[in-house]
Peer 1: 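Questions regarding the structure given below will be posed in turn.
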Amino acid sequence: MARRKKIYEGKAKILYEGPEPGTLVQYFKDDATAFNNVKKDVIDGKGVLNNRLSEYFMTGLNTVGVPTHFIRRLNMREQLVRSCEIIPLEVIVRNYAAGTMAKRLGMEEGVQLPRPIVEYCLKDDKLGDPLVTEEHIAAFGWASQQDMDDILSLALRVNDFMSGVMYGVGIKLIDFKIEVGRVFDGDFQRLVVADEISPDSCRLWDIETDRKLDKDVFRRDLGSLTDAYTEVARRLGVMPKGATSMAKPKLIN
Ligand code: 5GP
């Protein structure tokens with residue numbers, strides 16, 4: 001059997017060369033990391049859940065006309081995506097104060113913001129993904145003004161879609177991060193939502209109880225990450241058929 005060509009390995013995913021030119025296979029690992037790789041663990045089944053959840057959100061976005069890199073899910077852990085040139089920014093949209101913004105501005109977590117706030121961080125692990133302004137982005141040429149207009153519009157459309165979907169299942173979308181890629185069609189380029197959208201990259205709180213259903217469960221030792229992600233998948237109706245647990249089968253002696 002021929003070995004696949006690995007294009008890139010990140011903290012939570014691996015990209016392999018795809019079956020046709022311009023495609024990649026995105027593999028979801030079970031590895032969980034936080035605080036720029038300082039905290040690490042392997043969470044059985046996380047990759048399977050994130051593959052399903054990201055498929056669900058990306059398919060929904062494609063359906064409502066928000067372009068993404070997602071083509072189709074291949075199996076439990078892999079999806080076929082369009083190859084794109086990732087813009088080196090993390091685009092964060094916030095609806096409620098939390099995380100680094102709450103800390104930076106001395107705000108209580110969970111306070112609703114007057115309107116969605118979009119922030120940009122430079123994708124650079126060595127620097128800890130620092131917050132940057134549009135001035136930095138323009139001056140250093142990480143993206144053009146046209147790109148920034150398109151990124152802002154994409155980010156807000158993703159926010160509208162995701163907020164609505166999550167609200168429908170009793171979950172508040174506190175904030176999320178997306179990555180944006182360039183896809184080239186001949187002489188033209190267009191921007192698409194890339195990477196993944198999953199509880200690894202969103203903050204999701206139960207509307208009634210404020211229970212956290214996202215990666216903060218791991219970051220802050222709040223219980224079982226698998227249970228939290230399974231709850232999101234269950235509410236959205238995207239649990240794999242017949243699955244009661246995402247964990248690998250255990251040998252019984
Ligand atoms: P914060 O800046 O408060 O840490 O994060 C804001 C939002 O972006 C959160 O939903 C968080 O999960 C997401 N986010 C920020 N940086 C990263 C990152 O490097 N990887 C992932 N998966 N999500 C991130």
Side-chain angles (χ1 to χ4, degrees), residues 8-15 26-43 46-47 49-51 53-54 57-58 68-69 79 81 86-113 116-133 142 151-152 154-156 158-159 161-163 165-166 171-181 193-206 210-222 225 228-229 232:
Y8 171 81
E9 178 154 6
K11 285 174 277 194
K13 292 184 298 293
I14 305 173
L15 289 174
Q26 181 164 264
Y27 175 97
F28 287 75
K29 302 197 278 186
D30 279 345
D31 302 39
T33 65
F35 312 119
N36 208 6
N37 234 357
V38 172
K39 183 172 174 161
K40 291 185 219 179
D41 205 349
V42 175
I43 313 276
K46 181 174 86 80
L49 283 158
N50 280 352
N51 186 24
L53 286 164
S54 201
F57 298 130
M58 295 279 187
T68 79
H69 73 158
Q79 44 186 246
V81 299
I86 296 286
I87 293 179
L89 297 173
E90 295 195 334
V91 181
I92 293 172
V93 184
R94 301 182 185 272
N95 298 305
Y96 298 82
T100 57
M101 195 192 80
K103 204 168 166 193
R104 198 182 324 122
L105 301 181
M107 294 178 79
E108 196 185 326
E109 288 205 314
V111 172
Q112 189 164 14
L113 302 173
I117 293 179
V118 182
E119 294 179 343
Y120 305 100
C121 293
L122 179 65
K123 256 174 76 71
D124 188 325
D125 281 346
K126 281 198 249 52
L127 299 176
D129 300 337
L131 187 70
V132 292
T133 68
W142 297 321
I151 289 172
L152 181 65
L154 272 181
L156 293 176
V158 172
N159 188 43
F161 173 80
M162 290 291 295
S163 296
V165 167
M166 299 317 300
I171 294 174
K172 265 192 290 199
L173 178 64
I174 301 294
D175 57 28
F176 66 90
K177 182 256 323 184
I178 54 168
E179 296 189 17
V180 175
V193 179
D195 191 52
E196 73 180 290
I197 301 181
S198 75
D200 266 11
S201 53
C202 302
R203 283 199 174 90
L204 306 170
W205 293 10
D206 179 78
D210 279 351
R211 177 185 162 202
K212 293 179 174 56
L213 298 168
D214 56 63
K215 203 164 125 186
D216 275 350
V217 171
F218 170 72
R219 294 186 189 104
R220 303 179 188 187
D221 293 320
L222 299 176
L225 192 74
Y229 287 22
V232 177

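Each ligand, and each atom within it, is numbered from 1 in the order the structure gives.
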Peer 1: Could you tell me whether Asp214 approaches ligand 1 through its side chain, its backbone, both or neither, with non-hydrogen atoms closer than 4.0 Å?
Peer 2: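 Neither; no heavy atom under 4.0 Å.
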Peer 1: May I ask you to identify, for Cys202, whether its side chain, its backbone, both or neither come under 4.0 Å of ligand 1 on a heavy-atom basis?
Peer 2: backbone
Peer 1: Considering only NZ, NE, NH1 and NH2 on the basic side and carboxylate oxygens on the acidic side, decide whether Asp41 and Lys46 come within less than 4.0 Å.
Peer 2: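 Looking at Asp41 and Lys46, the cut-off is not met.
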Peer 1: Would you call Arg203-Asp175 a salt bridge at under 4.0 Å N-O?
Peer 2: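 Answer for the salt bridge query: yes.
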Peer 1: Do the side chains of Glu109 and Trp205 get nearer than 4.5 Å, heavy atoms only?
Peer 2: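 The answer is yes; the side chains approach within 4.5 Å.
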Peer 1: Which atoms of ligand 1 have any heavy atom of Asp129 under 4.0 Å away?
Peer 2: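 Numbered from 1, ligand 1 contributes 19 (O).
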Peer 1: State, with a plain yes or no, whether a side-chain heavy atom of Lys11 is found less than 4.5 Å away from one of Asp31.
Peer 2: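 With C-beta onward as the side chain, the pair stays apart.
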Peer 1: Could you work out, for atom 15 (C) of ligand 1, the closest of Arg104, Arg219, Arg203, Glu90 by heavy-atom distance?
Peer 2: Glu90
Peer 1: With atoms numbered from 1 as shown, which atoms in ligand 1 lie under 4.0 angstrom from a non-hydrogen atom of Gly99?
Peer 2: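 Near Gly99, the atoms of ligand 1 are 3 (O).
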Peer 1: Quick one: which of Asp195, Asn50, Asn51 gives a side-chain hydrogen bond (donor to acceptor under 3.5 Å, both in side chains) with Lys13?
Peer 2: Asp195
Peer 1: Would you give the length of the straight line joining atom CD of Glu196 to atom CD1 of Ile178, rounded to the nearest 0.5 angstrom?
Peer 2: 12.5 Å
Peer 1: Does ligand 1 have any atom sitting under 4.0 Å from a heavy atom of Lys123?
Peer 2: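 Heavy atoms of Lys123 never come under 4.0 Å of ligand 1.
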Peer 1: Numbering the atoms of ligand 1 from 1, which are under 4.0 Å from a heavy atom of Asp200?
Peer 2: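 What qualifies from ligand 1 is 12 (O), 21 (C), 22 (N), 23 (N).
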Peer 1: Can you find an N or O of Thr100 that's nearer than 3.5 Å to an N or O of ligand 1?
Peer 2: yes
Peer 1: Could you grab the distance from atom CD1 of Ile151 to atom CD of Glu179, nearest 0.5 Å is fine?
Peer 2: 11.0 Å
Peer 1: From the options Lys177, Glu119, Lys103, select the one whose nearest heavy atom is closest to atom 20 (N) of ligand 1.
Peer 2: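 Result: the heavy atom closest to atom 20 (N) of ligand 1 is in Lys177.
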Peer 1: Name the closest protein heavy atom to atom 10 (O) of ligand 1, giving the residue it belongs to and the distance to 0.1 Å.
Peer 2: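 The closest heavy atom on the protein side is Asp175 OD1, 2.6 Å.
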